[in-house]
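What follows is a short report on a single structure.
Numbers for residues simply follow the sequence, beginning at 1. All heavy atoms count here, side chains included; hydrogens, waters and symmetry mates do not.
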Amino acid sequence: MAVDLAIYGWDDGWAAAFGPFADQGLTPARVAIEYNHLLRLYTTAGDVRAQHSGKLLHEAAGRHAMAAVGDWVAIRTRAGERTATIEAILPRRTHFSRKAAGELTEQQVVAANTDVVFIVMGLDRDYNPRRLERYLVLAKDSGATPQVLLSKADLVDDVAPQIAECQAVAPGADIYAVSVRDKRGVAQVRAALLPGHTGALLGSSGAGKSTLINHLVGEELLAVGAVRASDSRGRHTTRHRQLVRLPWGGLLID
C-alpha cells in the first residue's frame, strides 16, 4: 500500500516545486537518515537506501549542495530493489549549516526544511546564556522559528530567574522549562510540532535532546549517554542525524 507523503510534511508547495521532475519520470522522497554519506529516504513505497547520482555529484558546488536530513529530493528507483538514486534536491525553505569537518570555509547542511528549532539547555552546568546567543544566530540564519527549552527543570527549585535571563537574550521567543521526569513543558513541545511540521534540536551533548525525543516517541529510539559531573557535558551518543516521526504526526530532527 502506498504511503501518503503528507505524513512527512509534503504539501502543495512541495508538489509545485516537484512538477518539472515528475515529467522526467522521477518520484519524490524525503531524506530521513544520513550516516557517513549513506542516506535512507521516506518514499511512497516505504523506506529505501539511496546515493547521489554521478551527475549531481559532478555538478555540486560543494557539500552544501548535497542532500541533507529533511531535504525533499527527486529520485529514480530501481525496479524490484529497495535502492534509489538522488537526481535533484528541491529548493530548501530553511536550513542549518556548519563548517565541514577538515575544511576551512566549506559549509555543510546538517538539517533542512525545519519549521521550528528548539534550543536545548540543561538546568545544570550545561546552562549558558552566551551559548544561547550563538544558537539564536544559527536559528535566525536558518529561517526557522526559535524556541528555548530549559531541560532538566526538576533539578532546580525555581526556574523563574533562568527564564527571565533567557527572555532578555531571546526577546519574543517562547521559552519553556521542561522535565521529562515530571512531564513539565512536554505539552508545549507537542503543541509546537503540528502534524506535518518539522522541528530540529540544537544543544550541547548532554543537554537532554535524546532523552526528550525518546519521551516524545514513547520508546528508547536513541541512545542516551552518561553526563560528567564536573561540567554536565555528555558524550555524543547520536552518531547520525535522523528525521523522527512522532506519534501525533509531528517530525523532529536530532
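Leu138 shares a hydrophobic cluster with Phe96, Val110, Val117, Ile119, Met121, Leu123, Tyr127, Leu132, Tyr135, Leu136, Val148, Leu150, Val156, Val159, Ile163, Val169, Ile175, Leu202; the chain of contacts runs through ILVMFWY side chains whose heavy atoms sit under 4.5 Å apart.
Residue pairs meeting the salt bridge (charged side-chain N to carboxylate O under 4.0 Å, His left out) criterion with at least one partner in residues 78-91, sequence neighbours excluded, are Arg76-Glu87.
Salt-bridge check for Asp126 with Lys152: failed, with every basic side-chain N at 4.0 Å or more from each acidic carboxylate O. Checked for salt-bridge contact, Asp254 and Lys209 miss the test: no charged N lies under 4.0 Å from a carboxylate O.
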Quick one, Ile7 with Arg245, criterion side chain to side chain contact (heavy atoms under 4.5 Å, CB included). Give me CA distance, side-chain angles, the key distance, then yes/no.
CA-CA 8 Å; Ile7 67 174; Arg245 185 166 182 261; 3.4 Å; yes
Apply side chain to side chain contact (heavy atoms under 4.5 Å, CB included) to the pair Ile253 and Val244, showing each step before the final yes or no.
CA-CA 6 Å; Ile253 296 175; Val244 178; over 6 Å; no
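Aromatic ring pairs are classed by plane angle as parallel below 30°, tilted from 30° to 60° and perpendicular above 60°; the pair Trp72 and Trp14 is tilted.
A donor-acceptor contact shorter than 3.5 Å is absent between the side chain of Ser204 and the backbone of Ala207.
With sequence neighbours excluded, no residue forms a side-chain contact (heavy atoms from CB on, under 4.5 Å) with Asp12. With sequence neighbours excluded, no residue forms a side-chain contact (heavy atoms from CB on, under 4.5 Å) with Pro20. Applying the salt bridge (Lys or Arg N to Asp or Glu O under 4.0 Å) rule to Arg184 yields the partners Asp182; only residues at least two apart in sequence or on another chain are considered. Not counting sequence neighbours, the partners of Asp11 by the salt bridge (Lys or Arg N to Asp or Glu O under 4.0 Å) test are Arg93.
A cation-pi arrangement is found for Arg190 relative to Trp248, the charged atom lying closer than 6.0 Å to the ring centre and inside a 45° cone about the ring normal.
Using a 4.5 Å heavy-atom threshold, the side chains of Ile33 and Leu243 count as separate.
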